[in-house]
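Just so it is clear: chains get the letters A, B, ... in the order the sequence lines come, proteins before strands, and each one is counted from 1.
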Amino acid sequence: GNRIDFFGSLLLAVYCMKEKKFKFVGHTGSGFDYKLLDTVYSKLQELKIESMPIDHLPYMNRETTWVKPILVAEVKFNVWTKDGIMRAPIFLRFREDKKPTECTIQADNPTKGDSNDVGYEIKEQSHNSVDVKISNPDKVYWSKTREHPEFTKKDLINYYEFIGPLILPHLKDRPLSLSRYPNGIHGKSFYHKNWDQPKPDFVMTAQVHSEQRNDNINYIVCNNKESLLWIANLGCIEMHPWYSRINDFDSCNSSSLLYEEKCELNFPDFIVFDLDPYIYSGKEKRGQEPEYNRAGFRATVEVAFELYDFLRELKIRSYIKTSGKSVLHIYVPVINNYPYEQTRNFSEIIAKIMVSKFPNKVTTEWNTLKRKGNVFFDYNQNSRGKTLASVYSLRPTESATISMPINWKKLDSILPTEFRKSNSL
DNA sequence: TTATCAG
DNA sequence: CTGATAACAAGCAGC
DNA sequence: GCTGCT
Ligand SMILES: [Mn+2]
Ligand SMILES: [Mn+2]
């Protein structure tokens with residue numbers, strides 16, 4: 001499995017009718033996989049000769065082994081150089097149907113690199129109704145379980161195509177962090193915020209200043225169905241939108257110092273109460289996060305109801321969604337007049353009150369060991385730049401759960417695991 | 001998944 | 001062209 | 001400034 005064991009490149013020559021001689025036209029080292037490298041190398045062993053079968057070799061890339069000029073190769077190349085050498089030739093195939101003397105340069109005028117009207121195989125790309133290219137549609141993202149068959153990348157994209165009308169209004173004009181699983185839920189995942197690669201025109205982006213990198217982050221903004229599918233094709237399972245919207249893309253993308261004021265990015269339009277149960281199923285390995293379990297969810301529901309009551313006393317309306325695991329997210333819409341700093345502080349105050357009211361149920365402890373047995377009230381989740389998986393976002397769980405909005409009245413009678421990709425229709 | 005680099 | 005490799009986040013707490 | 005946690 002190493003190029004050193006074979007050859008670096010083949011020397012190419014064409015037949016000159018006038019002089020009845022072969023003329024050097026370049027090296028080709030590209031286009032070989034290891035299997036081909038091996039078969040070509042052994043084929044060449046039988047054809048070794050001592051002397052050079054061409055008149056003149058203008059340059060050498062490395063030590064050369066000569067072979068009888070009887071193999072005909074079809075190559076693709078960029079252009080002819082001014083010296084009549086092929087630029088960047090790529091080996092395509094041997095042509096057993098052609099004789100070496102048929103390898104001539106047309107019109108004696110080497111201008112066109114057109115050795116390959118044959119065309120080589122291009123794997124057909126799969127498309128969907130809005131014409132976004134899908135790569136690796138059959139890659140398995142969720143393996144088969146007792147509950148459901150395996151789900152592929154295509155299934156992921158189909159889900160977002162289906163849910164588009166519901167999820168898009170929640171993503172509109174919000175900078176989006178992508179939580180990507182390009183090799184499925186068991187593969188390596190990563191967050192992706194800064195988009196610095198080519199993108200289709202229908203995908204919008206917005207410059208958002210990052211203090212940490214002292215530079216802007218070019219966030220993706222998912223404002224249409226095409227973008228949603230394109231994002232899903234990046235292996236993005238979870239959509240993590242900001243809590244604030246961009247009011248004015250122009251001012252956001254200008255370098256004006258005031259742009260953040262004008263584009264309103266510092267002003268969230270909701271506060272989120274993130275309730276994370278630290279109630280263990282007992283099956284976790286040491287140091288592992290608590291995994292989904294019924295008791296953990298029940299404890300979270302209990303805290304959620306207490307929070308609902310308390311907020312209602314304050315005349316504050318709240319909405320709840322499952323996260324797809326034991327965690328619950330409670331949203332309070334606000335007029336976007338208060339910066340993140342204030343919504344975070346408000347959330348902290350509510351959290352501290354909840355701890356004092358229910359010291360045996362709620363905690364704001366930073367140390368995870370001290371959270372044990374309680375529901376962690378994560379008020380820092382309201383800091384600028386923090387995100388959560390949005391409502392209707394798919395989650396990288398075994399059963400392919402969905403973050404689902406729930407009517408408070410029904411909260412007592414549901415389980416987060418009952419909302420799945422497989423029954424979302 | 002994509003860009004980049006070397007063979 | 002093939003194959004290998006690298007990059008893909010950031011705020012807050014606490015020491 | 002570094003580490004852990006989210
Ligand atoms: Mn959470
Ligand atoms: Mn949290």
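Side-chain N or O atoms of A:R180 include none that pairs as donor or acceptor with a backbone N or O of A:G235 at under 3.5 Å. Side-chain atoms of A:E284 come within 3.5 Å of backbone N or O of A:E291 as a donor-acceptor pair.
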Worksheet item: When you look at A:R371 and A:E365, which way does the salt bridge (charged side-chain N to carboxylate O under 4.0 Å, His left out) test go after all the steps?
Response: CA-CA 6 Å; A:R371 293 178 191 165; A:E365 278 295 342; over 6 Å; no
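No donor-acceptor contact under 3.5 angstrom links the side chains of A:N374 and A:N360, judged on distance only. Judged by distance alone, the side chains of A:N382 and A:S347 do bring a donor and an acceptor atom under 3.5 Å apart. Looking only at atom types and distance, the side chain of A:N336 has no donor-acceptor partner in the side chain of A:R245 under 3.5 Å away.
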Discussion item. Return a single string for nucleotides 8-15 of chain C, one symbol per nucleotide in 5' to 3' order, where B is base contact, S is sugar-phosphate-only contact and - is none, cutoff 4.0 angstrom on heavy atoms.
Written reply: BBSBBS--
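Among the heavy atoms of the strands, none lies under 4.0 Å from A:K188. Counting non-hydrogen atoms under 4.0 angstrom, A:E289 reaches the backbone sugars and phosphates but no base. At a threshold of 4.0 angstrom between heavy atoms, the contacts of A:K199 with the nucleic acid are absent.
For A:W408 and A:Y308, the distance between ring centers is under 6.0 angstrom.
In this structure, CD1 of A:I134 is placed 10 Å from P of B:dT1, rounded to the nearest angstrom. Atoms NZ (A:K133) and P (B:dT2) sit 10 Å apart, rounded to a whole Å. Computed from coordinates, the A:K370 NZ to D:dG4 P distance equals 17 Å when rounded to whole Å. Between the C1' atom of C:dG3 and the CZ atom of A:F91 lies a distance of 18 Å, rounded to the nearest Å. Atom CD1 in A:I90 sits about 17 Å away from atom P in B:dA6, given to the nearest Å. C:dC1 atom C1' lies 14 Å from atom CG of A:L12, rounded to whole Å. Between the CG atom of A:L234 and the P atom of C:dA7 there is a distance of 19 Å, rounded to whole Å. Whole-Å rounding puts the A:L37 CG to C:dT2 P distance at 12 Å.
Straight-line distance between the C1' atoms of B:dT1 and C:dG11: roughly 27 Å, to the nearest whole Å. A distance of about 22 Å separates the P atoms of D:dC5 and C:dA9, rounded to the whole Å. The same atom, P, is picked in C:dC8 and in B:dT4; the two are 13 Å apart, to the nearest Å.
Ranking D:dC5, B:dT1, B:dA3 by closeness to the A:P198 side chain, first place goes to B:dA3.
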